[in-house]
There are 2 protein chains.
Amino acid sequence: MIHTATEKSILQAAKTVFFKKGLAAARMQEIANEANINKAMLHYYFRSKEKLFGAVFLQAFGELAPFLNSIFNSDKPVFEKIREFVDGYITFVVDNPYLPTFIIQEMNINPQFGETFFRNHVTPDPSKFEEQIAREIEHGNIRPIDPKQLVLNLISLTAFPFVGKGLVIGILDLDEIAFKTLMEERKKLIPEMIINTIKVQ
Amino acid sequence: MIHTATEKSILQAAKTVFFKKGLAAARMQEIANEANINKAMLHYYFRSKEKLFGAVFLQAFGELAPFLNSIFNSDKPVFEKIREFVDGYITFVVDNPYLPTFIIQEMNINPQFGETFFRNHVTPDPSKFEEQIAREIEHGNIRPIDPKQLVLNLISLTAFPFVGKGLVIGILDLDEIAFKTLMEERKKLIPEMIINTIKVQ
DNA sequence: ATCAAATTTAACCAAATGGTTAATGAATTT
DNA sequence: AAATTCATTAACCATTTGGTTAAATTTGAT
């Protein structure tokens, strides 16, 4: 768990290259250049490309998962969690634009990797949040909906524009600025929409 | 524009391999094996890996874009278009699970490719649909919303679960059957949700 | 200061990969 | 039927790529 300066610079460089190109298209030499070190150092510290990739993936998830879980598992009311999730996630992703795409991309290309990962690491877990939703429905405080569908709506509306950014910009005919404006507007729009769907009249 | 049997089998094989692995991880030899032909044939018909990939990408888009445009550009009312889009898209993607992920993935890895592509080919274009929404808002038939946000919500809710399937299954703790059930339910749930948000009380 | 361990480098290697070529077989044309 | 074009194959090639090695340098303990 000790991280030397070299090890850190390797991880940072690997992150940059893997995020931009994905596992298969990333080159060890490019990572070495990015880190201003010899290519052999990559193997000295991480043994193989796959191991290095695993370390980067772990770190990426390690940034996102606790953040999401802190929202899912707080003791705040449902509506507030929805607002916090959307605002927090969009803010987070604007600063880390490659992260969610990277995770989804590599989990799709190698589903086995994803499964193993979910079994062995701290990952986003909305189960408490789902229970909370179910309870509120029972008490008649919100309208009936499958909690999983609600969570899926929340994630879809929030994450998709970033994951499919290239396509979204193309389809909606946006430039970079228009895209960012739209995303900022969504911080309000998405919670309003979801809450409007489940609040009792 | 003449497609021989061999050329077709190459395209089919390339589609299979590129969809599963992406451009960078796909191997020409694997495509040749999949098509039961000699590797040299790939170059005989398509010159290079990039050209072959371009042909596959074009075909993939060529399947999806006209389908979406036929919905966007029909003369049906807004609510009906929303229902048609969701039902049609989910049905389509259940049968072609790799398609949207593939398109989004490669557009993210190579944004320039995406931009060029959008300029030079038939792509999904919701601008008429957006105008229709704006008109309905003016007439007071639906509640005010940025038409682009409405379209983005529609696409996000519908497409994301498939694009981020690995992550969704992991986060919501689903198996293959539960996922499919959830997707079928969404054919009703998504239109209800969107329409509920915009219909005048 | 000395020695051993850890770190860094340059040169090297084997395997894989996209791509080519020249010969062969199958159709088509004349 | 001969000639010519098109389709297909096996062998080959240059380059790239992940990975190794052995020597050199630095670091740290004694």
Enquirer: For the residue pair A/N33 / A/Q29, report whether a side-chain donor-acceptor contact shorter than 3.5 Å exists.
Expert: yes
Enquirer: Output all residues satisfying side chain to side chain contact (heavy atoms under 4.5 Å, CB included) with A/N38, sequence neighbours left out; order by chain, then residue number.
Expert: A/A40, A/M41
Enquirer: Is the A/F57 ring parallel, tilted or perpendicular to the A/F61 ring (thresholds 30°, 60°)?
Expert: tilted
Enquirer: For a 4.5 angstrom cut-off between non-hydrogen side-chain atoms, does B/L154 reach B/Y89?
Expert: no
Enquirer: Is any side-chain heavy atom of B/M193 closer than 4.5 Å to one of A/M193?
Expert: yes
Enquirer: Starting from P on D/dG18, measure out to CE on A/M28 and report it in whole angstrom.
Expert: 7 Å
Enquirer: Does the side chain of A/K165 come under 3.5 Å of the side chain of A/T101 through a donor N or O and an acceptor N or O?
Expert: no
Enquirer: Pick base, sugar-phosphate or nothing for A/A5, based on heavy-atom distances below 4.0 Å to the nucleic acid.
Expert: nothing
Enquirer: Within residues 32-49 of chain A, find the residues that approach DNA chain D with a heavy atom at under 4.0 Å, and present them sorted by residue number.
Expert: A/K39, A/A40, A/H43, A/S48, A/K49
Enquirer: Give, for atom CD1 of B/I171 and atom CZ of A/F118, the distance between the pair rounded to the nearest 0.5 Å.
Expert: 5.0 Å
Enquirer: Between atom CD in A/E50 and atom P in D/dT17, what is the gap in whole Å?
Expert: 15 Å
Enquirer: What I'd like to find out is whether the side chain of B/Y98 reaches to under 4.5 Å of the side chain of A/N108, using heavy atoms alone.
Expert: no
Enquirer: Shoot me the first and last contacting nucleotide of DNA chain C against chain A, ordered 5' to 3', at under 4.0 angstrom to non-hydrogen atoms.
Expert: C/dA6 to C/dA10
